[in-house]
Amino acid sequence: MHLKRVTSKYKGKTYEYAQIVKSVRREDGKSSIEVVKSLGRMKSEEDWEWARSVLESMEKGEELVKLKDLKIDRQLELGAIWAADDVWRNCGIQKALMDSFAGRNTEYNLERVTFLLTVNRFYDPSSDQAAHEWINEKAFSYTTDVAKEWVYRSQKKLVEEKEVIERRILEELKATLDPSLDLVFYDLTSTYFEGVGPELAEFGYSRDGRPDRVQIVLGIVMADGIPIAHQVWPGNTTDKTTLEEAVRDLKERFDIRNVVFVADRGLISSDNLEELEDEGYDYILSTNRRKEDLAEDLLVKDVPGDDKIRTEEVHSENGRKYILCLNEERREKDLERLKEGREKCDKELWELRDWFEESQEGPGRPMTEKGVIKRAEKIIRGYKRIFDLDFDETLEWRVKDKEWKYEKAIAGKFLLVTTSDLDPTKAMEKYKELKDVERAFHELKNMLNLRPVYHSTDKGVRGHTFICILGLLLRRLMERKTDMLFEEIFEKLEPLKVNVIDHRKEEIYQRNELTPSQEKILESLNVENPPKILVTP
C-alpha cells in the first residue's frame with residue numbers, strides 16, 4: 001500500500017486529495033491500482049502528516065475507526081476508585097483482608113467486594129441496595145456482575161473476622177507507614193436508626209439530638225490521625241463502662257503498652273483512672289467541671305501569665321497531676337454568653353409572670369401553678385444551675401449567687417488530669433488533638449453516611465459500621481500522603497471518568513483526559529496514571 005496524491009481543478013483552482021491505494025493483479029494478468037481508502041481533501045502539510053499516519057496504522061493492521069461510528073454508551077466512575085485502590089494495596093489493607101479471609105471458600109472475591117463497598121462511601125453513601133447498584137452500574141471495576149447477596153455476606157464476614165482484621169491492618173500500617181503510637185485517642189459517639197432497629201438499638205443519651213430514636217454507641221481508638229480500632233455497643237451503654245474494653249484491646253489484641261491514653265471528660269470515673277493505672281498506661285483526661293469537689297476547687301484558681309492561652313499545674317496527688325488550662329478568648333465569649341443567657345431568661349420569666357397574673361383576672365381558662373412552672377423550666381433550660389424557681393401566689397425566681405460566681409470563675413477553663421511526664425502546655429496541646437476524633441465522627445456521620453442506620457440485624461449494623469470505618473481509614477491515608485483534605489482530593493479526582501464506547505457491538509473503555517491537578521494528586525499518592533484505554537473489565 002502507498003499514499004497517492006490526486007489533484008482536481010475547479011473554477012481555476014487546484015485541489016489535492018489523498019488516497020491509500022494498493023497494487024492488484026486483474027484476471028487478465030495485468031497490474032492495476034485499487035483504492036483502499038479515500039482520505040478526503042488535504043489542505044495543509046499537517047493533513048498530509050495525518051494521512052501518512054493513517055497509512056502507517058493500516059500497514060500495522062490497526063483498525064481505523066470513524067467518529068460517526070462511535071457512540072458513548074455510558075460513563076463509569078474512575079478517579080477516586082483508581083487512586084484509593086492503589087493506596088488500599090500499598091498500605092497493606094488488601095493483604096490484611098486477604099490473610100484474614102484465607103480459608104473461607106466463597107464463589108466471589110471477598111476482598112474486592114469489601115473494597116468496592118468501602119469506596120462507594122466516597123461517591124454515593126446510602127443503603128446496601130444502592131451500593132450494589134452503584135458497583136454494577138456506575139463503578140469501573142474488574143469485579144463485575146456482583147450479586148446482591150455478596151454485599152450482605154461480605155459485611156457478615158467482616159464482622160466475624162473483625163478482631164483479626166483490625167490487628168492485621170495495624171501490623172501492615174506499621175510496616176508501610178510507621179505511624180506514631182506514643183499517644184492513642186479514644187472517644188464515643190452515637191448514631192440513630194430509622195425504624196425499630198436490631199437488638200443493639202436502645203434509647204440512650206443521643207449525641208445526634210435525636211432522643212426520640214433508638215441508637216447504638218460507637219467508640220473509636222485513633223493514633224497518629226488513623227483509626228486503629230472501633231467497638232459498637234447497645235444504645236443505652238454509659239460512656240464510662242466502655243473504657244475498660246478499649247484499654248484491654250490496646251494491651252491484649254494490639255500489644256500497645258507504652259502510650260499516653262487521651263480521652264474526654266465523659267469517660268472519667270475513679271474506677272477508670274485506676275483501670276488505666278493498673279494496666280500501666282499513662283493518660284491525659286479532662287475532668288468534669290461540675291459535681292466533683294476536687295475539680296470545682298481547682299477550676300476557680302487563677303492561671304497566671306499574659307498569654308492568650310496558658311496552663312498551670314495546680315495540684316498533684318498519687319502520681320496524678322492536675323493542669324488548669326485557660327483560653328482568654330474563649331473566656332470572653334463564655335462570659336458574654338452567660339450574661340446574655342441570664343438576661344434573656346430573666347426577661348422571659350417576667351413576661352411569663354405577667355401572662356400568668358393576667359390569666360387569673362381575664363376571661364377564659366386561667367393558667368395553673370403547674371402550667372406556669374412547666375413553662376418557666378423550659379425558659380431556663382440550659383441555665384437551671386443558676387436559677388431557683390418557686391411559686392407563692394405567683395411565679396418567683398432568683399439567681400443563685402454561689403453558682404453564678406462559679407460559672408463566671410470557670411469561664412474559658414478546663415481541667416486535665418495526667419500521669420504523663422509532659423509539661424502542662426504540652427499536655428494541653430496533646431489533649432486538644434482529641435479534636436481529630438471529633439472530626440472523624442463528623443466525617444463518619446456527614447460524609448460517609450454512618451447515620452441513619454437502616455439495618456435490622458446486629459451483624460448488619462456492625463458490618464455497615466466497619467465499612468464506614470474502612471472508608472474513614474482510606475480518607476485519612478490519602479490525606480496523609482497528599483497533605484490535602486480529602487474533600488479537596490475527591491473534588492479533583494471525581495471528574496475523571498471512563499467512557500464506555502460502543503463500536504460495532506464491542507465496548508471500548510477509554511478514560512477522559514487527565515488534568516494537571518489530577519496528575520499531581522496521583523503522583524503524591526504514588527499512583528500511576530491510568531492508561532488511556534483500559535482493559536475491558
Side-chain angles (χ1 to χ4, degrees), residues 76-89 91 93-94 96-97 110-141 143 146 148 150-159 162 165-166 169 189 191-194 208 216 218 220 222 225-230 232 437 439-455 459-482 484-494 496 525:
L76 300 176
E77 305 292 358
L78 176 66
I81 300 175
W82 184 269
D85 199 4
D86 259 36
V87 174
W88 178 272
R89 296 170 191 270
C91 291
I93 303 173
Q94 181 187 54
L97 287 170
L110 259 172
E111 177 272 329
R112 283 290 84 191
V113 174
T114 300
F115 167 74
L116 290 170
L117 287 172
T118 299
V119 81
N120 165 253
R121 309 312 296 180
F122 300 164
Y123 281 94
D124 188 22
S126 186
S127 65
D128 290 338
Q129 171 68 32
H132 171 250
E133 292 174 357
W134 181 86
I135 290 170
N136 281 334
E137 299 173 12
K138 297 181 180 180
F140 178 82
S141 166
T143 303
V146 172
K148 188 176 179 180
W150 297 357
V151 172
Y152 302 109
R153 289 182 194 171
S154 298
Q155 293 181 349
K156 180 180 176 183
K157 299 291 190 297
L158 271 176
V159 174
K162 172 186 174 295
I165 290 171
E166 287 184 329
I169 287 178
T189 191
T191 191
Y192 61 87
F193 288 78
E194 296 292 351
D208 299 319
I216 56 170
L218 170 64
I220 294 185
M222 295 185 67
I226 296 171
I228 61 175
H230 75 281
V232 176
V437 185
R439 182 168 81 92
F441 287 145
H442 176 76
E443 292 174 66
L444 283 169
K445 293 180 178 182
N446 298 294
M447 281 77 171
L448 298 165
N449 277 26
L450 174 66
R451 66 177 182 188
V453 184
Y454 297 95
H455 289 269
K459 274 194 174 179
V461 170
R462 294 182 188 276
H464 166 73
T465 303
F466 202 169
I467 290 294
C468 290
I469 295 292
L470 288 173
L472 175 64
L473 173 61
L474 256 185
R475 286 172 62 102
R476 290 305 179 85
L477 291 174
M478 293 172 77
E479 288 180 340
R480 187 187 185 102
K481 286 176 172 289
T482 60
M484 297 167 61
L485 289 175
F486 181 80
E487 288 74 22
E488 187 178 355
I489 297 171
F490 186 77
E491 181 185 0
K492 301 295 186 186
L493 292 180
E494 191 274 338
L496 184 56
L525 289 170

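This one's a predicted model, so the numbers in the text were calculated from it and none came from an experiment. Worth knowing before you read on, the calculation uses all heavy atoms, side chains too, and leaves out hydrogens, waters and symmetry mates.
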Does a sphere of radius 6.0 Å around NZ in Lys459 hold more than 12 heavy atoms from other residues, nucleotides or ligands, not counting ones at 6.0 Å or beyond?
-> yes

Backbone N or O of Ala131 within a donor-acceptor pair of the Asn120 side chain at under 3.5 Å?
-> no

Kindly give the heavy-atom pair with the smallest separation between Gly225 and Pro227, and that separation in Å.
-> O-CD, 4.1 Å

Closest non-hydrogen atom pair, Leu117 against Val151 | CD2-CG1, 3.7 Å

Which pair of heavy atoms, one from Thr114 and one from Ser154, lies closest together, and at what distance?
-> OG1-CB, 4.3 Å

Give a yes or no answer on whether the side chain of Gln155 reaches the backbone of Ile467 with a donor-acceptor pair at less than 3.5 Å.
-> no

List in chain and number order the residues that pass salt bridge (Lys or Arg N to Asp or Glu O under 4.0 Å) with Glu479, two or more places apart in sequence or in another chain; answer none if no residue qualifies.
-> Arg439, Arg476

Give the minimum heavy-atom separation between Phe490 and Phe122, together with the two atoms involved.
-> CZ-O, 3.6 Å

Phe466 vs Ile165 side-chain heavy atoms within contact, under 4.5 Å = yes

Please list, chain by chain and in numerical order, all residues satisfying side chain to side chain donor-acceptor pair (under 3.5 Å) with Lys481, sequence neighbours excluded.
-> none

Between Cys468 and Arg121, what is the shortest heavy-atom contact and its length?
-> SG-NE, 4.0 Å

Does Leu496 reach the side chain of Trp82, with side-chain heavy atoms less than 4.5 Å apart?
-> no

Let me know which of His132, Gln129, Glu133 forms a side-chain hydrogen bond (donor to acceptor under 3.5 Å, both in side chains) with Lys148.
-> Gln129

Least distance between heavy atoms, Trp134 atom then Leu116 atom | CZ3-O, 3.8 Å

Please list, chain by chain and in numerical order, all residues satisfying salt bridge (Lys or Arg N to Asp or Glu O under 4.0 Å) with Arg475, sequence neighbours excluded.
-> Glu443, Glu487

Within-4.5 Å side-chain heavy-atom neighbours: Leu97 and Leu158 | yes

